[in-house]
Amino acid sequence: MKDNIRLLVTIGFMAVLTLMFSLATISLLQLQSINTRMEKLVEVTNMKTAAANDMRDAVRLRADSLKNMRLIQDPFERDAEHQRFISYAGKYRTARERLVSLGMDERETVLNNQLQQLTRASQPYNDDASSLLMYEAATAETSIVMEQAFKLQELILGILGELVQLEQQKTQEALATNRRHYNSTRQLLFALTGFALLFSLLVARTVIKHVSAKNRQLAYQASHDPLTGLINRHEFECRVERAIQNAKTQASTHTLLHLDLDQFKIVNDTCGHSAGDELLQQLSQLLLGSVRHRDTLSRLGGDEFGMLFENCPLDKAVEIANSLLKSIQEFNFIWGKSSFTLGISIGVVPIDRSTTDIASAMSAADSACYIAKEDGRNQVQIAHMGDRRLQQRHGEMQWVSRLTRALEEDQFTLYFQPVIPCANKSRHYTHLEILLRLIDDDGTVIAPGTFLHTAEKYNMVSSIDRWVIENSMAWLAETEKSGGRPITISINLSGQTIGSPDMLKFIIDKIEETGAPAGQIIFEITETDAIANITSATSFMLTLRGCGFRFSLDDFGSGLSSFTYLKKLPVDFLKIDGAFVRDILSDPVDYAMVRSINELGQLLGKETIAEFVETTELADELERMGVNYVQGYAFAKPRPLSNHTQNKAPRLVLVSS
C-alpha cells in the first residue's frame, strides 16, 4: 500500500511537475511568439512611420521651395532651389514606394489611394508654379497657382499626418495586446503555484524579467538611433513639437539647432563606412559632453544632428553652438594610419510664440545650416526666414532638369544656315552650318545661347554634342541617297567634347553606322576651346582628319594668342569672329583686323569664312578683301533642317563698286 501510495504520490508529483513544466513551456513559447510578432510589428510600423514622415518632409520642403523660389531674384539661385524642388519630389516617390512595399491593411490602402489621387492632382499645379516662378510670370497668376498647390499639399500633409497617427495607434494597440497576453500568462503561472510554489515563482520571475527587458528594448529601439544611441528623428520631432506648444502656452523661449558635419564623405570614401560609423559614434559622445543635461541631442540621419535647447534664449544657444564648433575643431579622428580634422556647420533658429509649426522650424534650421556651408563651412548661422542665398543657381538647376528631359524625350531639333561662296569662289556643293534648337513644351523654339552655358557648367554639353552629331550624320546620309547637289555640313563641337576620351570612337562608330561621307563633314571648334585644350585639340583634329573629316576654327580673332597658335592647329577653314565683321564699314580697327586675318589665312592655305554678314554692302566689301565665304542674315536666317531642299545654292554677286 505504501509502495502504491509512494508510487501514486510520485506519479502525481511527476504529473504535476510535467503539467507545470508543460504549461510553463507553452507559456514561454507563447511569450516568445508574441514578442517575435511584436518586434516585427514594431519594426514594420516604425519603417512605415519613417516613410510617412519622409513623405511629409518632402511635401513640406517642396512647399518651402516654392516659397523660396518666389523670393529669389538671382536666376542661378532660382535654378538651385528648383533642383532641390525636383529632388524633393523624388524623395517623396521613394518614400511612398518604400511605404507600399511594407504592405498595407485596408485603412492604410484607403489613405494611400487618397494620397495618390491628391499627388496626381497637385503635380500640375506644382509644375506650373515652378515654371511660372522660373519665367517670372505675373504675380497674380503665380499666386493663384501656388495657392492651389499649397491647398492640395495641405490635404496631402493632413492624410500623411493621419497615416502617421494610424501607425502610432497600431503600435499602441500592439503594445496593449502584448501587455494583455503578458498578464494572462503571468496569471497562468501564478495558478501553478498551488502545485509547485517554488518552481512556479522561479518560472514567473524568469518570464517577467525576460518580457520586461524585451519591452524596454522595443521601446528603446522605437525612439533611438541604433548606431549612436541618440534619439532618432521621430522622437526628436515629437520633442520639438512639445517645445513649440510650450512656447505658445507659457511664453517660453527654446532654441533649435541643425548640425551637419563638414567633409564627412572624405572619411567614408577614404577609410570605408566602418570608419564613418566609428566617427559618428565618437562625435555623438563629444556632442553629448558639450551640452546641458536637460538638452536634447538627436541623430537626424546620415551626418546630420539636431539639438533642442529648452528654456534657452538665442544668445545663450549661439554661445553653446560656438563652443561646439571649437570642440569639433579640436577633435582629431584617427583610423589606422589616417588622421582627420573635421568641421561642422550649424544652423540656429529660435522657438517662441511666433513659431508656427515644426515643419517651418526644422526647415529654417536646415536652411541656416545650408547657408553656413555656402559661406565657408564650420560656422554658426542664425536662421533668417526668406534668405535668398538658398535660391542661388536655381535657374541653372532648372535648365539641368530641362536639358536632361530634352535628351530623354528627344526635344532637340536641328536648324541650318547656308555658308555662301563669294563671287570669286566657285563651288560645286552646298555648304550648311548645322545649328541646334530646343523645342519647349509650348512649342517655343529656344536658341542654344539660352542654355549652353548651363550645359557646359554641369558637363551636359558632350551629351548634347553626341545628339547633334548622330542626328546630323543620319540626315546627311539620308540626303545623299536622294542624289542631287553634294552637301557639306559644319557641326559645332564644344571644348568638353574634344577633350572627351571616348568621343573619337563615338564619331568613327557613327560615321560607319550611318554611312555618311566623312569628307562632307566639317567640325567647328571655337578658337578659345582649341587654345585652352591645345594638345588634346590637335590630337583630336589629326585623328579625325585621317578619317577624312575637316575642321574650321570658329570665332577666330577673339583670343589674344590667335596668330601664335594658328600654325599649330590642323584646320582647313578660319571663321572670322563676327564681332569684328559686323562693323568693318564703320570701324577702321575692325576692318584692319578682318583684313589681316583673311590675308594670314590665305597665306597659310586656309579658306576664310566671315560670319554675321547682315547687309549686301558688307558682303561686297568682304568679297573685295578676298574672303572666300560669307554667312549671315543678308542671305538666309536659320531654318529647320527638315525644311531644306536641294535648290541651287545662292552665290554672292558684287552689287556695288
Side-chain angles (χ1 to χ4, degrees), residues 412-422 425 427-438 445-449 452 461 464-480 485-495 497-498 507 516-530 541 544 549-558 571-582 601 606-614 618-619 622 627-652:
F412 287 112
T413 189
L414 296 178
Y415 272 50
F416 77 95
Q417 188 177 41
V419 179
I420 310 301
C422 292
K425 177 71 178 178
R427 187 177 63 183
H428 65 283
Y429 62 88
T430 300
H431 186 179
L432 309 176
E433 179 180 2
I434 302 298
L435 305 172
L436 179 67
R437 297 293 186 267
L438 172 63
V445 179
I446 303 174
L452 198 57
V461 71
I464 296 175
D465 281 353
R466 287 172 182 261
W467 187 93
V468 173
I469 291 169
E470 180 176 0
N471 286 273
S472 298
M473 287 183 177
W475 178 86
L476 179 61
E478 188 65 28
T479 303
E480 286 297 306
R485 187 185 183 94
I487 296 178
T488 292
I489 61 173
S490 293
I491 301 174
N492 292 277
L493 299 181
S494 66
T497 294
I498 62 177
I507 293 174
Q520 294 173 220
I521 298 176
I522 301 170
F523 288 120
E524 289 192 13
I525 301 174
T526 66
E527 173 198 346
T528 303
D529 287 335
M541 293 179 184
L544 291 182
F549 295 96
R550 291 179 289 170
F551 283 86
S552 175
L553 197 59
D554 197 9
D555 294 339
F556 187 76
S558 60
V571 297
D572 305 278
F573 299 87
L574 293 183
K575 181 173 279 192
I576 306 171
D577 192 345
F580 299 122
V581 173
R582 60 160 59 99
K606 306 178 189 302
E607 295 188 288
T608 55
I609 304 172
E611 58 182 354
F612 292 2
V613 180
E614 299 178 353
L618 182 56
L622 291 166
V627 173
N628 302 114
Y629 303 96
V630 290
Q631 178 183 359
Y633 282 12
F635 306 99
K637 293 184 178 181
R639 303 194 306 274
L641 188 60
S642 58
N643 294 346
H644 179 268
T645 57
Q646 285 280 20
N647 294 329
K648 184 177 179 180
R651 286 190 64 204
L652 176 63

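Here the structure is a predicted model, which is why all the values come from computation and not from measurement.
- If you look at Phe549 and Phe523, their ring centroids are closer than 6.0 Å.
- Asp572 CG to Met541 CE: the interatomic distance, rounded to the nearest 0.5 Å, is 9.5 Å.
- Paired with Ile434 under the rule side-chain contact (heavy atoms from CB on, under 4.5 Å), one option of Ile489, Ile469, Asn492 passes, and it is Ile489.
- Distance CG/Leu493 to CG/Leu544: 8.5 Å, rounded to 0.5 Å.
- A heavy-atom distance below 4.5 Å is not found between the side chains of Leu618 and Phe612.
- A donor atom on one side chain and an acceptor atom on the other are not found under 3.5 Å apart for Asp554 and Thr526.
- Here the closest heavy-atom approach between residue Gln520 and residue Leu476 is recorded as O-CD2, 4.0 Å.
- Distance check, rounded to the nearest 0.5 Å: OG of Ser552 to OH of Tyr629 gives 11.0 Å.
- In this structure, the side chains of Leu622 and Val581 come closer than 4.5 Å at one or more pairs of heavy atoms.
- For Ser472 (side chain) and Val468 (main-chain N/O), a donor-acceptor pair under 3.5 Å exists by modelled atom type.
- Gly578 and Glu611 make their closest contact through N-OE2, 3.2 Å (heavy atoms, listed as atom of the first residue, atom of the second, distance).
- No donor-acceptor pair closer than 3.5 Å links the side chain of Glu614 to the backbone N or O of Ala634.
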N/O donor-acceptor pairs under 3.5 Å from side chains in residues 412-422, not counting sequence neighbours:
residue	atom	partner	partner atom	Å
Gln417	OE1	Gln631	NE2	3.1
Gln417	NE2	Ala636	O	2.8

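- By the 4.0 Å N-to-carboxylate-O rule, Glu433 lies close enough to Lys575 to be salt-bridged with it.
- Atom CD1 in Ile522 sits 5.5 Å away from atom OG1 in Thr488 (nearest 0.5 Å).
- You'll find the side chain of Leu574 stays beyond 4.5 Å of the side chain of Glu607, heavy atoms only.
- The CD atom of Glu527 sits 6.0 Å away from the CG atom of Leu553 when rounded to the nearest 0.5 Å.
- Within the 3.5 Å criterion, the main-chain N or O of Phe556 finds no donor-acceptor partner in the side chain of Asp577.
- Residues Ile609 and Val627 fail the side-chain proximity criterion, which asks for heavy atoms closer than 4.5 Å.
- Annotation for Gly519 and Arg550: closest pair O-NH2, 3.4 Å, computed over non-hydrogen atoms.
- Residue Ile487 comes nearest to Glu480 through the heavy atom pair N-OE2, 3.5 Å, listed as atom of the first residue, atom of the second, then distance.
- A donor-acceptor pair is defined here as one N or O able to donate and one able to accept, closer than 3.5 Å; no such pair exists between the side chain of Asp529 and the backbone of Ile525.
- Between Trp475 and His644, the two ring planes are perpendicular [angle over 60°; tilted spans 30° to 60°].
- Ala516 and Met473 make their closest contact through CB-O, 3.5 Å (heavy atoms, listed as atom of the first residue, atom of the second, distance).
- Atom-to-atom distance recorded for Leu436:CG and Leu452:CG is 8.0 Å, nearest 0.5 angstrom.
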